[in-house]
Amino acid sequence: MSAAFSPLKNDTFLRALLRQPTDYTPVWLMRQAGRYLPEYRATRQRAGSFLGLAKNPDYATEVTLQPLDRYPLDAAILFSDILTVPDAMGLGLHFADGEGPKFLHPLRDETAIRKLAPPPPGSLQYVFDAVTQIRHELNGRVPLIGFSGSPWTLACYMVEGGGSDDFRLVKGMLYDRPDLMHHLLDVNATAVTDYLNAQIDAGAQAVMLFDTWGGALADGAYQTFSLDYMRRIFAGLKKTKDGVRIPSIVFTKGGGLWLDQIADVGADAVGLDWTVNLRKARALVGDRVALQGNLDPTVLFSNPGSIKAETASVLKSFGESANGGHVFNLGHGISQFTPTESVAVLVDAVHSLSRRGLPASA
């Protein structure tokens with residue numbers, strides 16, 4: 001079906017990831033298709049549940065496009081969840097009201113972990129169908145991003161059985177039985193590589209690896225149990241599709257300490273949270289990678305003037321560049337309580353300020 005895809009009309013996002021010249025700084029937002037949008041909440045109600053939404057390509061397409069119909073964003077991101085992969089491995093994903101994701105069958109013993117295998121063929125077809133459908137519905141408007149959770153981040157949920165404040169079960173296993181943890185991460189890395197490549201085959205024009213809980217690891221453990229497995233994934237990703245380059249992004253929340261090492265993991269761009277100074281980050285990574293980020297999401301709860309000022313500050317921190325290399329984003333996902341009008345102010349500010357250049361006093 002890829003031969004029938006419409007030509008891309010706005011490739012600014014892809015050019016920035018590849019550090020090619022752009023007319024302005026492109027912008028998209030992590031979790032841009034989500035609960036802060038009233039139209040999303042209405043679609044989710046029709047779907048009956050979050051999984052009913054995520055596993056139905058028609059609904060997934062609808063909510064992926066909703067923020068693009070509202071704001072002139074420069075990329076769409078597949079509406080899905082990072083836990084689709086372990087769900088397809090048989091762990092029984094479900095969402096309890098007010099409690100977030102839970103697994104019916106968390107990995108708590110050696111037998112369960114040794115039996116773990118990548119998802120069976122066809123178990124994630126609904127994701128790939130959604131990617132293809134979204135790509136057609138976009139009609140070349142902007143590129144489509146596919147994504148997955150990192151092996152370590154998936155392992156956190158798979159062992160803990162859901163979210164955690166201290167990760168004592170998964171980190172306890174890491175220190176007590178590193179052999180079991182390596183086996184789990186090995187299976188996850190194989191599954192994630194296949195999953196992202198299948199999204200590329202289905203029509204994704206860029207892919208992103210979310211290492212949401214990498215920052216929970218100690219120095220040393222991060223390199224061994226997260227970074228090394230992500231390096232393997234990026235080495236195994238398809239770099240082109242139908243002769244077109246497919247850029248990749250890596251994002252470790254809380255990973256600023258390891259930026260120099262992350263820049264060498266094999267991705268084209270590194271996402272940064274709001275604790276990192278963009279100017280220093282750019283000086284450190286040089287021409288190895290593009291950078292994505294990194295406005296504090298809570299800025300969007302302030303007044304329009306403050307939003308514009310903080311946006312200008314992020315752009316100025318990255319600095320001028322004749323060769324792109326910066327994708328504007330939040331330092332993490334947008335809050336469900338974010339006023340929709342604040343997002344409009346942000347997107348307009350990124351485009352207008354970066355297109356005309358920042359005044360010296362910004």
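Hydrogens, waters and symmetry mates are skipped; everything else that's a heavy atom, side chains included, is used. The first residue in the sequence is number 1, and the count goes up from there.
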Task: Under 3.5 Å: donor-acceptor pair, side chain of Ser49, backbone of Gly52 - done: yes
TODO: Without swapping roles, check the side chain of Arg355 against the backbone of Tyr24 for a donor-acceptor pair under 3.5 Å.
DONE: no
Open item on the list: I'd like to know if Arg168 and Glu160 make a salt bridge, using a cut-off of under 4.0 Å between side-chain N and carboxylate O.
Closed with: no
Task: Residues Asp201, Lys238; criterion salt bridge (charged side-chain N to carboxylate O under 4.0 Å, His left out); working and verdict - done: CA-CA 9 Å; Asp201 283 339; Lys238 298 182 178 185; 2.7 Å; yes
Open item on the list: Parallel, tilted or perpendicular, judged at 30° and 60°: which one describes the rings of Tyr222 and Trp258?
Closed with: parallel
TODO: May I ask you to decide if Tyr59's main-chain N or O and Asn56's side chain share a donor-acceptor pair within less than 3.5 Å?
DONE: yes
TODO: Using the six-membered ring wherever Trp is involved, compare the ring planes of Trp28 and Phe13 and label them parallel, tilted or perpendicular (cut-offs 30° and 60°).
DONE: perpendicular
- [ ] Starting from the C-alpha separation in whole Å, work towards a yes-or-no answer on ring pair (Phe, Tyr, Trp, His ring centres under 6.0 Å) for Tyr229 and Trp152.
- [x] CA-CA 8 Å; Tyr229 286 94; Trp152 166 253; 10.0 Å; no
Task: Atom pair CD/CG of Gln133 and Leu65 - distance to nearest 0.5 Å - done: 9.0 Å
Task: Test: Asp287 and Arg19 ion pair at under 4.0 Å - done: no
Open item on the list: Tell me if a side-chain donor or acceptor on Thr224 pairs with a main-chain N or O of Gly220 at a distance below 3.5 Å.
Closed with: yes
- [ ] Check whether NZ of the Lys or CZ of the Arg Arg35 lies under 6.0 Å from the centre of the six-membered ring of Tyr40 and within 45 degrees of that ring's axis.
- [x] no
Task: Parallel, tilted or perpendicular: ring planes of Phe5 versus His136, cut at 30 and 60 degrees - done: tilted
Task: Worked check of side-chain hydrogen bond (donor to acceptor under 3.5 Å, both in side chains) between Thr61 and Thr64 - done: CA-CA 5 Å; Thr61 298; Thr64 297; over 6 Å; no
TODO: Would you mind checking if Arg141 and Asp69 are paired as a salt bridge, meaning a charged N to carboxylate O distance below 4.0 Å?
DONE: yes
Task: Electrostatic pair Asp179-Arg114, nearest N-O below 4.0 angstrom - done: yes
Open item on the list: Using every non-hydrogen atom in the two residues, find where Tyr195 and Ser80 come nearest and quote the distance to one decimal.
Closed with: OH-OG, 4.0 Å
Open item on the list: I'd like to know if Lys308 pairs up with Asp348 as an ion pair, taking the criterion as any Lys NZ or Arg NE/NH1/NH2 lying under 4.0 Å from an Asp or Glu carboxylate oxygen.
Closed with: no
Task: Worked check of side-chain hydrogen bond (donor to acceptor under 3.5 Å, both in side chains) between Gln66 and Thr43 - done: CA-CA 10 Å; Gln66 284 171 347; Thr43 304; 2.9 Å; yes
When the side chains of residues 263-274 are checked against the rest of the protein, which donor-acceptor pairs come out under 3.5 Å, sequence neighbours left out?
residue : atom : partner : partner atom : Å
Asp264  : OD1  : Arg288  : NH1          : 3.0
Asp264  : OD2  : Arg288  : NH1          : 3.0
Asp268  : OD1  : Arg245  : NH2          : 2.6
Asp268  : OD2  : Arg245  : NH1          : 3.3
Asp268  : OD2  : Ser248  : N            : 3.0
Asp268  : OD2  : Ser248  : OG           : 3.4
Asp273  : OD1  : Thr275  : N            : 3.0
Asp273  : OD1  : Thr275  : OG1          : 2.5
Asp273  : OD2  : Gly254  : N            : 2.7

Open item on the list: I'd like to know whether Val343 forms a side-chain contact (heavy atoms from CB on, under 4.5 Å) with Tyr36, so could you lay out the CA-CA distance, the side-chain angles of the two residues, the decisive distance to 0.1 Å, and finally the verdict.
Closed with: CA-CA 10 Å; Val343 179; Tyr36 73 104; 3.9 Å; yes
- [ ] Test Tyr157 against Phe103 for ring pair (Phe, Tyr, Trp, His ring centres under 6.0 Å), laying out the working first.
- [x] CA-CA 8 Å; Tyr157 288 100; Phe103 282 117; 7.4 Å; no
Task: Test item: Asn294 side-chain N/O and Gly331 main-chain N/O as donor-acceptor pair under 3.5 Å - done: no
Task: N/O donor-acceptor pair under 3.5 Å between Asn329 side chain and Gly293 backbone - done: no
Distance-only donor-acceptor pairs under 3.5 Å for side chains of residues 230-237, two or more places apart:
residue : atom : partner : partner atom : Å
Arg231  : NH1  : Asp228  : OD1          : 2.9
Arg232  : NH1  : Asp186  : OD1          : 2.6
Arg232  : NH2  : Asp186  : O            : 3.2
Arg232  : NH2  : Asp186  : OD1          : 3.2
Arg232  : NH2  : Thr190  : OG1          : 2.7

